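Input: a single structure, listed below in structure tokens.
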2 protein chains.
Amino acid sequence: MMRPTTKDLAKAAGVSLATVDRVLNDRPGVREDTVKIVHEMIEKIGFIRNLSAANLARSRSYRFLFLVPRTGDQFLAELIARVAEANTTLASDMSFAEVAQIHESDPHQIADYLSALDPQAVDGVAIMAPESPQARDAKAQLRRRGIETVTLISGQTSGDEVFVGIDNHAAGATAGRLMGRFLADRRGKLMVIAETMRARDSLERRLGFDEIINADYPQLNVLPSLETHGDPDRTERVLAQTLASHSDICGIYLLGSEARLPLQKVAHLRPEAKPIIIAHERTPFTEAGLRSGQIDALITQDPGHLVRSAVRIMRARCDRREVLASQEKIRIEILLSENL
Amino acid sequence: MMRPTTKDLAKAAGVSLATVDRVLNDRPGVREDTVKIVHEMIEKIGFIRNLSAANLARSRSYRFLFLVPRTGDQFLAELIARVAEANTTLASDMSFAEVAQIHESDPHQIADYLSALDPQAVDGVAIMAPESPQARDAKAQLRRRGIETVTLISGQTSGDEVFVGIDNHAAGATAGRLMGRFLADRRGKLMVIAETMRARDSLERRLGFDEIINADYPQLNVLPSLETHGDPDRTERVLAQTLASHSDICGIYLLGSEARLPLQKVAHLRPEAKPIIIAHERTPFTEAGLRSGQIDALITQDPGHLVRSAVRIMRARCDRREVLASQEKIRIEILLSENL
DNA sequence: AAGATTCTGAGGTGCGTACCTCAAGTTGGT
DNA sequence: ACCAACTTGAGGTACGCACCTCAGAATCTT
């Protein structure tokens, strides 16, 4: 009944504890064949390392950093709250997660920040920042210095770096499908509103959205993306302009994570026929919109899941363990007012 | 930087390690005021118990049982596979999960099985079984004997027992909303097919479905639920009968977790106009149906998440810890072919 | 045979647990 | 008032398991 310990393993393999330990931790100083024998015995007697004991002995603690933009919307606020929340659970596991906010606009600042990180003090960084050559290089350098990195929500991955977030192309396609189906046989134009189309996630969503609409709903016509740049005046202007020049807008796809601004403006400008509105991310605002019927559907990713997944992945990589792939796949969730 | 240990706590509170331990574990033999002082110092110095060390010292292992029906569909198979998968991760944490299958039809057998469990050998049971007074009493008795219980997927909860699964009423409502929206202005009858309507989850789904259709889609008419009882012949008979007497069936809601049988029969019987089909649970079969377009949407709950959540909850209750409520809430997922 | 490589064995570490021991305080009988 | 018999409070410490270091022994190079 008792699970075999390193002692049993040492005895079974006919080596000492020290050697077993070296094999288990991939340390040098053990002959090839000895390594093989030990591994065979691990299989044979079903040895499983006791993580509690290992962590205790290492007296290892893990410090993870979430690097996110300084200026943000409600979704970002939610994400930050989830990091704090995750911390309460992590603490009993000798892990800590912190948030650092940074001006996303300047790639150099991001690179500098990453370069300044001390591998002694930080074990992993989850980065949510627009892609740039500088950031990519800084991340690669970080990994060389022994700090794990994962890309969060958007941005590019390089090498064996992991991406934590939804498949944005599929998310866009999902939005497209819902739009098409909810509109049934109505014909008209679709407005697509983003904060900026420079971000990879926005581009991918747009691509997925277009693919479905163009393939299956020829009676719908997707207009060029409008960019708000987070500016109320600009938003109002481009929206008014578009609504004025197209009388037959029957659907609006808000593909950024900040639905608030464009939605308020749209409500204010009142297109004649109520368009189907599909937005991204669950925030107090979009939730209220869904409840009131202003928004017809939300495509979301659970920020709590994102945070926990990022932590689990960084932790596993620190320990050179495998993760459960199925657990780390972030779901594209569809929210209606019924399944809020 | 170093996290305070029991030693620091003992020093701070002016007591010995043993006393600290007694306070931490609610053991008797410590004066009221001493307990209070220790608790105050815990707050003051920010002591957090190191779970790894605690479990190591206790040399505690956890054994959890998943009690599921003997006869089952692909969803059940998936669930069982997830338990096995979870085991690989749990092992390093000194936890084990096992599956026990039982004839769900006989409440007495379930009760007997539960009564026979040894608290020495089992720490928690996740039960997926139809509700019955016998089962409820057996569960209550189990908890009294120190075995944690959670109710999985369907069934009633009593006392402070936790339910792990989706809100079936909301799931039915979600199906109803999708059905209504996908059908747009089409008018006609809706077929509802279940394995049995005796299970609470089926009833709740039906209720939620009806609520939405009746409130918002008066042009649709929900027919009485058809029961398959898992019998191919019976399924074909009732389906043929219904299709024969109603020429205007425009939607089918499959509210059981076994969509396979009715779907095959429907495909075979071919209603004239392609109805919108909404089913529950993701299985290889329903996934293929969604891809091919036979099924229009799936309402699902992730079996991996169910299993892990059940384990986390049982584990937390064993350790008298709080769980992260937001993590344990099982999402009602909507699957289209785009976000599979 | 000198030197390099591989391996051993012992012992300490981390942190909380649990059992055993001892001291102080309480009650009761006479 | 005094001592025995308890109850209660608190200290001491071996233990769980893997990690890690280090001196020294065994084996392999060339």
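Note that this is a predicted model, so its numbers are computed, not measured. Naming: A, B, ... by sequence-line order, numbering from 1 per chain.
For the pair B:Ser59 (side chain) and B:Leu56 (backbone), a donor-acceptor distance under 3.5 Å is absent.
For B:Arg82 and B:Asp302, the salt-bridge test fails: no basic side-chain N is under 4.0 Å from an acidic carboxylate O. Using a 4.0 Å cut-off between a side-chain N of Lys or Arg and a carboxylate O of Asp or Glu, B:Arg143 and B:Glu148 do not qualify as a salt bridge. Using a cutoff of 4.0 Å between basic side-chain nitrogens and carboxylate oxygens, B:Glu131 and B:Arg136 are not scored as salt-bridged. Using a cut-off of 4.0 Å between Lys/Arg side-chain N and Asp/Glu carboxylate O, B:Asp123 and B:Arg60 are scored as salt-bridged.
Considering only heavy atoms from C-beta on, A:Leu65 comes within 4.5 Å of A:Leu117 through its side chain. Between B:Leu306 and B:Leu79, some side-chain heavy-atom pair lies under the 4.5 Å cut-off.
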Per-residue pairing states of DNA chain D in dot-bracket (Watson-Crick or G-U under 3.5 Å; . unpaired, | other strand) read ||||||||||||||||||||||||||||||

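When each of B:Gly14 and A:Ala54 is assigned the nucleotide of DNA chain D with its nearest heavy atom, B:Gly14 is the one assigned upstream, toward the 5' end.
Side-chain nitrogen and oxygen atoms of B:Arg31 include at least one within less than 4.0 Å of the OP1 or OP2 phosphate oxygen of D:dA10. Between C:dA18 and B:Arg27, a contact under 4.0 Å exists linking OP1 or OP2 to a side-chain N or O. One finds a side-chain N or O of B:Thr19 lying less than 4.0 angstrom from the OP1 or OP2 phosphate oxygen of D:dG11. Under 4.0 angstrom from either OP1 or OP2 of D:dG11 there lies at least one side-chain N or O belonging to B:Ser16.
If you check every strand for non-hydrogen atoms under 4.0 Å, B:Asn25 touches sugar and phosphate atoms only.
In the region residues 39-48 of chain B, proximity to DNA chain D at under 4.0 angstrom, judged on heavy atoms, holds for none of the residues.
The base of D:dA10 is paired with the side chain of B:Arg22 by a donor and an acceptor separated by under 3.5 Å.
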Could you walk me through whether B:Ile127 and B:Val150 pass side chain to side chain contact (heavy atoms under 4.5 Å, CB included), step by step?
-> CA-CA 6 Å; B:Ile127 299 161; B:Val150 305; over 6 Å; no

